[in-house]
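Let me begin by presenting the structure, written as structure tokens, before commenting on it.
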Amino acid sequence: MMRGEQGATRAPVLQFTNCRILRGGALLREDLWVREGRILDPEKLFFDERRVADEQRDCGGYILAPGFIDVQINGVHLEGPFISQEKRGAHPEAHLRSFEAHAFHDVLATYGPLDNVRIVTLAPELGRSYEVIQALTAQGICVSLGHSVADLQAAEEAVQSGATFITHLFNAMLPFHHRDPGIVGLLTSDRLPPGRCIFYGMIADGIHTNPAALRIAYRAHPHGLVLVTDAVPALGLGNGRHTLGQQDVEVDGLTAYVAGPQFPWPLCSQGTKTLCGSIAPMDVCVRHFLQATGCSVEAALEAASLHPAQLLGLEKSKGSLDFGADADFVVLDDNLRVQATYISGELVWQAEEARQ
């Protein structure tokens with residue numbers, strides 16, 4: 001790769017103009033400068049390298065927001081089988097497991113090598129769970145609490161052991177009770193380690209969580225809210241019967257249920273009312289969250305980008321459009337509908353109307 005006299009790379013510089021950039025919690029009318037997949041500081045480009053852009057792209061006044069990060073697409077995030085039988089949701093009962101004498105070895109025997117694992121959900125009330133949490137976090141793996149009947153004390157002890165996330169708050173856990181709020185109580189607990197931010201996922205698809213519950217959680221702990229899709233493979237495939245692992249799923253609109261047995265016509269199929277993940281994409285969740293909570297556009301977008309990056313410890317390169325960060329971003333119209341997606345500064349998807 002050619003470099004100039006000052007050691008600066010001669011790779012092409014791309015300038016995105018006529019846009020509003022989400023940066024520092026605000027939408028700024030600034031240009032975005034990209035080179036070699038990273039976001040540039042234009043002042044250094046001008047004054048240190050005496051360079052201008054090799055190419056300009058007019059964004060038509062659209063919003064440029066950091067790329068969405070979904071920390072709960074079913075299969076990326078290991079959710080179970082170390083969960084509560086009572087709150088297993090769509091997880092098959094026959095596959096549930098508990099921790100035995102060699103607790104962490106049970107994890108390895110179940111999952112295999114953890115090299116590509118980033119998040120594990122478990123129920124903290126299971127025996128020996130705290131030593132498992134400590135072992136997982138020692139390897140840089142985020143531990144999330146969910147599918148659980150844990151009381152608040154058990155949840156607090158799990159956080160003290162290293163847990164940092166709550167899997168789809170309100171779903172598959174004990175309901176809030178004024179004498180013992182359970183895992184939900186972590187949002188306002190005063191027994192968390194100093195400086196520790198507890199993050200929590202919310203499926204804002206209009207199905208899994210009532211708008212009032214979204215408002216309660218957001219107003220109690222706005223900086224910890226992480227929008228998740230909890231998406232299953234049926235996302236984008238339309239209504240009908242689809243598969244999820246060894247189970248069948250019935251999709252109806254934006255709802256996915258565990259399917260019942262199929263019978264010959266005219267009996268057809270007998271479905272269940274057990275929710276089985278979601279089929280709403282992240283931009284739908286962002287728009288619903290914005291409408292339900294009345295939060296700012298900036299806050300809604302950060303819940304899908306900055307907050308999950310902070311949870312994963314990736315905030316220096318992902319989840320923001322700060323100088324030096326990866327040039328992963330989405331282009332959105334004023335209704336927060338995605339018009340284009342960029343990865344490392346390269347256009348990878350564009351809406352049909354944006355191509356014209």
Side-chain angles (χ1 to χ4, degrees), residues 1-71 118 140 195 197 199 222-227 282-283 286 295-334 336 338-350 354:
M1 182 168 296
M2 296 180 59
R3 294 182 178 270
E5 296 179 0
Q6 308 257 336
T9 177
R10 296 304 302 175
V13 174
L14 184 59
Q15 179 187 6
F16 294 84
T17 66
N18 188 19
C19 54
R20 289 165 289 162
I21 302 172
L22 179 60
R23 182 178 286 155
L27 285 172
L28 308 176
R29 286 202 170 272
E30 296 181 358
D31 293 350
L32 189 74
W33 300 73
V34 175
R35 178 171 61 192
E36 294 186 308
R38 302 233 172 180
I39 297 171
L40 291 177
D41 180 346
E43 289 193 8
K44 292 184 178 180
L45 184 71
F46 300 150
F47 297 112
D48 294 351
E49 302 182 36
R50 302 182 185 277
R51 295 255 333 251
V52 294
D54 297 279
E55 180 186 348
Q56 289 185 334
R57 294 188 187 176
D58 189 324
C59 298
Y62 284 151
I63 295 170
L64 268 57
F68 297 154
I69 301 172
D70 192 352
V71 301
R118 197 62 190 87
C197 176
F199 291 92
H223 299 297
L225 193 147
V226 174
L227 290 177
M282 183 63 81
D283 62 321
V286 169
C295 70
S296 66
V297 168
E298 294 90 337
L301 293 171
E302 287 188 340
S305 55
L306 178 61
H307 295 179
Q310 291 171 332
L311 166 69
L312 298 172
L314 301 174
E315 66 270 24
K316 291 185 179 180
S317 59
K318 306 288 186 183
S320 80
L321 298 180
D322 293 341
F323 303 142
D326 293 342
D328 301 337
F329 56 93
V330 289
V331 181
L332 307 117
D333 63 18
D334 287 340
L336 299 186
V338 179
Q339 301 301 306
T341 304
Y342 284 80
I343 298 177
S344 296
E346 298 288 336
L347 178 66
V348 296
W349 182 86
Q350 191 172 28

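The first residue in the sequence is number 1, and the count goes up from there.
Heavy atoms only, all atoms of each residue included: Ser305 and Leu301 are closest at OG-O, 2.7 Å. Leu32 and Arg23 make their closest contact through CD1-NH2, 3.6 Å (heavy atoms, listed as atom of the first residue, atom of the second, distance). The heavy-atom pair separating Asp58 from Gly60 by the smallest distance is OD1-N, 2.7 Å. When all heavy atoms are compared, the tightest approach of Val13 to Arg51 is CG2-NH2, 3.5 Å. Scanning all heavy atoms of the two residues, the minimum distance from Leu14 to Gly345 falls at CD2-O, 4.0 Å. The two residues Cys197 and Gly224 make their nearest non-hydrogen contact at SG-CA, 4.3 Å.
Considering CD1 of Ile39 and CG of Asp41, their distance stands at 11.5 Å, rounded to 0.5 Å. The line from CG of Asp334 to CZ of Arg20 is 4.5 Å long, rounded to the nearest 0.5 Å. Note that CG of Leu332 and SG of Cys59 are 11.5 Å apart. Values are rounded to the nearest 0.5 Å. Atom OG1 of Thr17 and atom CG of Asp31 lie 5.5 Å apart (nearest 0.5 Å). Atoms CG and CG, on Leu336 and Asp283 in that order, are 9.0 Å from each other to the nearest 0.5 Å. In this structure, CG in Asp328 is found 10.5 Å from OG in Ser320, a value given to the nearest 0.5 Å.
At least one side-chain heavy atom of Leu22 sits under 4.5 Å from a side-chain heavy atom of Pro66. Put simply, the side chain of Arg35 reaches to within 4.5 Å of the side chain of Leu45, judged on heavy atoms. Side chains of Val338 and Trp349 form a contact here, defined as non-hydrogen atoms less than 4.5 Å apart.
Residue-environment remark: CD (Glu55) exceeds the threshold of 12 foreign heavy atoms within 6.0 Å. Within a 6.0 Å sphere centred on CG of Leu28, heavy atoms belonging to other residues, nucleotides or ligands number more than 12.
Side chains of Gln15 and Gln56: a donor on one and an acceptor on the other come within 3.5 Å.
Relative ring orientation between Phe199 and His307 is described as tilted, the plane-to-plane angle lying within the 30° to 60° band.
For Arg57 (side chain) and Phe16 (main-chain N/O), no donor-acceptor pair under 3.5 Å exists by modelled atom type.
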